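Working notes, structure below.
Keep in mind the model is a prediction, meaning the values are calculated, not measured. These values consider heavy atoms only, across backbone and side chains, with no hydrogens, waters or symmetry-generated copies. In what follows, chains carry the letters A, B, and so on, assigned in the order in which the sequence lines appear, proteins first and then strands, with residues in each chain numbered from 1.
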Amino acid sequence: MALALLLVACGHSPGRPAVDRLVADGPAGFVGISVVASGGREAALPRDEWARVAPLLAARRLDHPEPLSSYGLDQPQARLVYRPRAGGRLDVDLGAPSFDGRLLYARPARAAHVYLLAADSLRPLLALAGVVLPPPA
Amino acid sequence: MTRRRPRLLSMVLAAAVVVAANVAAARSDKQIDLSANRRFTLSPESRGLARAVPAPLHVTAFLNAGGPAARDARFLLSRYHEVNHRITSSVVDPDTHPGEARRFGVGRYATVVLTYRGRRVDAPDAEELEVSTAILRLLRGGTKTVCALTGHGEPDLSDTSPDGLSEAASALGHNSFEPRQLDLTTGPSATVPPDCAAVLELGPRQALLPREIDALNAYTRAAGRLLVVASPLSSADPNPLLAPWGLHFLGGLVLDPARSQGVDQSDVVLEDLPSANPVAQAVGRLEFPAGGGLVVDGGLRDGLTVSVLARTSPRSYVAPHPDASIAFGPDSVPGPVVVAAAADDSRVEATGEQRVPGASGPRIVRTRVVVTGADTWLTNGFLDHLGNRRLLLNAVSWLALEEPLVAATSRPNLSRPLPLTPERRARILVVTVGLVPGAIVGLGLLVAFSRRRARP
């Protein structure tokens, strides 16, 4: 029985965190957050809206994604740009909506994974930069 | 030393038995289904249906690949393949493969697409009942035309706005029904075409003309099939179409303080579906915004069966003059209120049997009517709420005499949304704040009292 338990334990892979954080810090970690549309139009997010995207939580992570073009991430329709207090910059590309319109594909710059974010919380922020997300199906 | 040998021998023997048992098990396909309701074992009807598939049939289930539903779907669909290798299946994650989902026009998780000989039928779930019914529809072949009346302000079947009916049209199309508009308001004569498997009156705003009523009554009397989806908030009066079948609109607006969505008491959630009629099968719950009540009178004549498909809670009521007031008053009609019903009238006519060439004898004439006291539930904005889509497909299937498999393949869908109605909230409060803590305190007192009595 001990051997069986040991084998099960060896075969068990630790689960992923329940929620993936594309951006881990809360609003206090940044001096500025803005949305940049693909056409170049940039809109700084009001500070009271930062909590919607900081921390930026993913509804799902795709472990074996297709080519980025399947998700509209080869030519992202918008980008979230974070400016941390410590300096530098974090970019998160925003692609196409999911098949039912309830989620939005996203990918932090140079990241290997593709993530899905809740479209409802991003819709009003993207509208500031003139990006219109269609309502869910 | 002498004791060790028998022990060692026993251990070797036990290990040999375990290895032999595993080898034998690996070579065998026997399985025991210990799941709830034996949901992973096909019924005899499904097995027979699967065996009857003569050409390749593919089932594509659109599910989150990592979730339990996908695992269950793969397991269930492999059962069909075991019975007939022509039935193949795949599970596609619509989030990982959005292009595939778009290619199939899938807009909802758990959609199952079945394709066979260039035809397609969609099932709303990867459950045996849904998959087997879809296979049955594919095997029957062809599509049936359903004729939707126009000319009275009905929402358009191609309208994609929240008030339109494009989703309803699409759902019918995916299930081998071809919706076609039917205008009886113009032309030299008002006659329902013979190729209409059913006539649908979906959300009229104005009254039907007398010639239309005559034409539709003649149609239904001659074994017609009629779906009436209407609202009391319009000036349309479908009662002349329904009266011969023991049904009529009550008028007024239904309000349900105990079972409604949010703060709008007219956005009623229906959880009481008492009928065994196939129209209500596997529907679960419905959301009927801004609806009216129906009166059901099943005692008109022999052969007429009228079923209550859905009704509101006992705390509901009908406000007869909602423009003036929606509060419960002396002229309000207390619930429960019937908001959906079906009538099935079978009668024998002396002549007309045509199935036997050269013979003309008595024939059975069967009329079916389904009516709902609300029409908003059918629109794009509400069709995917709770069991609304299922109600539409069940109703049209029943009217077109394509009844889903019943009884042995009817297994409850174990994942159902649970609306938090005021009634349910009150129950939760009583149990969590009252009963459970009360029981714990009571048990503690009992134990303390027992110990005190046991002390010398």
Side-chain angles (χ1 to χ4, degrees), chain A residues 1-4 7-8 12-20 22 57-77 93-107 111-120 122-123 132-137, chain B residues 11 14-15 18-19 21-22 60-71 90-113 122 124-125 159-171 174 379-385 388-389 417:
Chain A
M1 186 179 289
L3 181 64
L7 286 171
V8 167
H12 173 72
S13 57
R16 290 195 292 111
V19 176
D20 281 284
L22 278 71
L57 306 177
R60 194 178 166 192
R61 184 181 82 186
L62 302 183
D63 289 325
H64 304 289
E66 291 184 335
L68 296 179
S69 55
S70 300
Y71 312 115
L73 287 168
D74 56 335
Q75 292 179 335
Q77 60 174 326
D93 290 339
L94 302 176
S98 64
F99 78 109
D100 62 354
R102 294 179 197 282
L103 302 170
L104 193 68
Y105 291 100
R107 190 180 73 106
H113 296 292
V114 172
Y115 297 83
L116 282 151
L117 310 178
D120 278 348
L122 291 173
R123 189 170 286 112
V132 176
L133 279 188
Chain B
M11 283 171 59
V18 168
V19 169
N22 271 281
T60 309
F62 288 87
L63 293 159
N64 183 326
R71 182 194 62 224
S90 56
V91 174
V92 174
D93 188 329
D95 287 333
T96 308
H97 305 287
E100 194 75 359
R102 276 192 286 272
R103 187 167 74 83
F104 279 94
V106 168
R108 201 179 130 266
Y109 287 106
T111 300
V112 179
V113 177
D122 288 5
D125 254 308
D159 185 353
T160 56
S161 72
D163 295 330
L165 296 182
S166 61
E167 285 294 319
S170 176
H174 284 154
T379 60
N380 295 338
F382 285 89
L383 188 65
D384 276 324
H385 288 202
N388 289 4
R389 181 182 287 257

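In this structure, B:Val106 and A:Phe99 approach most closely via the heavy-atom pair O-CD1, 3.3 Å. The nearest pair of heavy atoms linking A:Ser70 to B:Pro98 is O-CG, 3.4 Å. Between A:Ser98 and B:Asp95 the shortest heavy-atom distance is CB-OD1, 4.0 Å.
For A:Gln75, the CD atom counts as loosely surrounded, since its 6.0 Å shell holds 12 or fewer non-hydrogen atoms of other residues, nucleotides or ligands.
Residue B:Phe62 does not touch chain A at all, counting heavy-atom pairs closer than 4.5 Å. In this structure, chain A has a heavy atom under 4.5 Å from the side chain of B:Arg102, while its backbone stays farther away.
In this view, B:Glu100 and B:Arg103 satisfy the side chain to side chain donor-acceptor pair (under 3.5 Å) rule, not counting sequence neighbours. In terms of the salt bridge (charged side-chain N to carboxylate O under 4.0 Å, His left out) criterion, residue partners of A:Arg123 (sequence neighbours excluded) are, by chain and number, A:Asp120.
The CZ atom of A:Arg60 sits 4.0 Å away from the CG atom of B:Asp93 when rounded to the nearest 0.5 Å.
When atom types are taken as modelled, the side chain of A:Tyr71 and the backbone of B:Thr96 share a donor-acceptor pair closer than 3.5 angstrom.
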